[in-house]
Amino acid sequence: MVSANYKEDYLGILDGIRGLMAFWVFFYHLQMACIGKSTPWGGGAIAVDIFMLLSGFLMAYHWHIRKDRFNKFKYQAVDFYIRRFFRIAPLYYILLTVAFIGQERLFEMSDFITNMVPPPWATKTQEVVIITHERVSAVNVLTHYLFLFGFIPKYANSNILPDWSIGLEMQFYLIFPFLILSISRLGAFSVILILVIVSFITNKLFGLYLSTGIFGNFPQPAFILFKINIFAAGMSIAFIYLNRNNIRALPWAILAILSLYNVASQVWIMALLLVFMLVFNDENKEIFGKLMSNKIAKFFGDTSYSVYLVHTIIYTPILYGLFKNEWFMSLSVYFRLLGAFILTAIPIYIVSYFLYRLVEVRGIQLGRYILLKIKLTNA
């Protein structure tokens, strides 16, 4: 990923990490559904936090290495928005449409599964997943297709997809160029400190999961100000990497530490591991690049977005069918989990691979085609 032999915008180290995080979310949801118990390494929300860290890193890194191609800031901002929209939206719109069409039936099956194996919602340390059963209304549909649903608590997690983080990601993309502009004019420390303070205040004023807040409750942290500090930490790590050969990396390291004030220990570990692999990778030997971007890691990295979005749509009807059979429910919990894993993981990854090839890649190509036509770069 950091090899000088790789394309400048490709960091292969992240392939393995992205693939692992998508698997973490899938397996966490599967284990909760099958045995009502979280994974030993933590809830799926932690993996999503790591995704946010990676997103902040990648956006800042890509912005920096591409900035010399543009005469004006606004041209790079337009280029950024088009690239990110066509990377995220095509697959999301397809699966969102499927989720809305099958929403009533999918919710019925999901509720049946939950009633068979109730999750431990009462445990305060347990991540609480609350899906609000909102009907398919014009407002619900419109806010999702416009990526505005994350601002509205009752729509923030209102379908079978775990798309609250997709809305969150799009909110980050929206403000990202302005964050870069603010850093260039106000200084990194001032901007990052403001983001950390805003995140802290937001987490105090708004309720999350089952907690109550002064200004309303969100079923998931779908509003950008809940998590903006984690994105900021990722941006800081990008500038640590870009300044890895000089003292200017130190202030960015301090900002990264400051930004991770409220995250789980697993996120800290991944942040440190990411910095270590990026900064200390030998560009001649490409040790970490080869380790984290081999064919297997690349497969899991390529399919990570599809796996994250599609897994609940696929495993819900499969588990529903299994849970209706007494022989399956009579199995010990871990044999039940093993059987469900085998029967769901295979179709999830097969479908995800074809979605990646047929939808994601085509969407990226379409975005690039549009950019070639409007010619924003110097070339």
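Values below: all heavy atoms of this structure, side chains included; hydrogens, waters and symmetry mates excluded. Residues: numbered from 1 along the sequence shown.
- Between S199 and F226, the shortest heavy-atom distance links the atoms OG-O, 3.3 Å.
- Between Y61 and F57, the ring planes are parallel. Angles under 30° get that label, and only those over 60° would be called perpendicular.
- Aromatic rings from Y349 and F300 are positioned such that their centres are separated by under 6.0 Å.
- A donor atom on one side chain and an acceptor atom on the other are found under 3.5 Å apart for K37 and Y334.
- Although no hydrogens or angles enter the test, the distance criterion places no donor-acceptor pair under 3.5 Å between the side chain of Q220 and the main chain of N157.
- Distance CG/D163 to CG/L168: 11.5 Å, rounded to 0.5 Å.
- Here the closest heavy-atom approach between residue N140 and residue S158 is recorded as OD1-OG, 3.5 Å.
- In this pair, F73 and W63 present their aromatic rings tilted. The plane angle is within the 30 to 60° band.
- Aromatic ring centres of Y305 and Y356: separated by at least 6.0 Å.
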F223/I152 under side-chain contact (heavy atoms from CB on, under 4.5 Å): CA gap, chis, key distance, verdict: CA-CA 8 Å; F223 179 36; I152 308 169; over 6 Å; no
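- In terms of modelled atom types and a separation under 3.5 Å, the side chain of N243 and the main chain of N246 share no donor-acceptor contact.
- A donor-acceptor pair shorter than 3.5 Å cannot be found between the side chains of S306 and Y353.
- Heavy atoms only, all atoms of each residue included: A22 and F51 are closest at N-CZ, 3.6 Å.
- V139 meets the side chain to side chain contact (heavy atoms under 4.5 Å, CB included) test with S137, T143, Y155; sequence neighbours excluded.
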For the pair F147 and L174, evaluate side-chain contact (heavy atoms from CB on, under 4.5 Å) and give the outcome as yes or no after the intermediate values.
CA-CA 11 Å; F147 295 103; L174 178 65; over 6 Å; no
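- By the criterion of side-chain heavy atoms lying less than 4.5 angstrom apart, applied directly or through intervening Ile, Leu, Val, Met, Phe, Trp or Tyr residues, Y81 is not grouped with Y369; the two fall into different hydrophobic clusters.
- Under the 4.5 Å side-chain heavy-atom criterion for ILVMFWY residues, a single connected hydrophobic cluster contains both I194 and I230.
- Within 6.0 Å of CZ on F354 lie no more than 12 heavy atoms contributed by other residues, nucleotides or ligands.
- Annotation for R248: atom CZ does not count as buried by contact number, only 12 or fewer foreign heavy atoms lying within 6.0 Å.
- By the 6.0 Å and 45° rule, R244 stacks over the aromatic ring of Y241.
- S110 places no side-chain N or O within donor-acceptor distance of the main-chain N or O of L106, the cut-off being under 3.5 Å.
- Two rings, from Y92 and H144, have their centers 6.0 Å or more apart.
- L250 and W252 end up in different hydrophobic clusters when Ile, Leu, Val, Met, Phe, Trp and Tyr side chains are linked at under 4.5 Å.
- Closest heavy-atom contact between S304 and R18: CB-O, 3.5 Å.
- Between A45 and Y209, the shortest heavy-atom distance links the atoms CB-OH, 3.9 Å.
- No more than 12 heavy-atom neighbours from other residues, nucleotides or ligands sit within 6.0 angstrom of CZ on F335.
- Under the 4.5 Å side-chain criterion, counting only non-hydrogen atoms from C-beta, H311 is in contact with H29.
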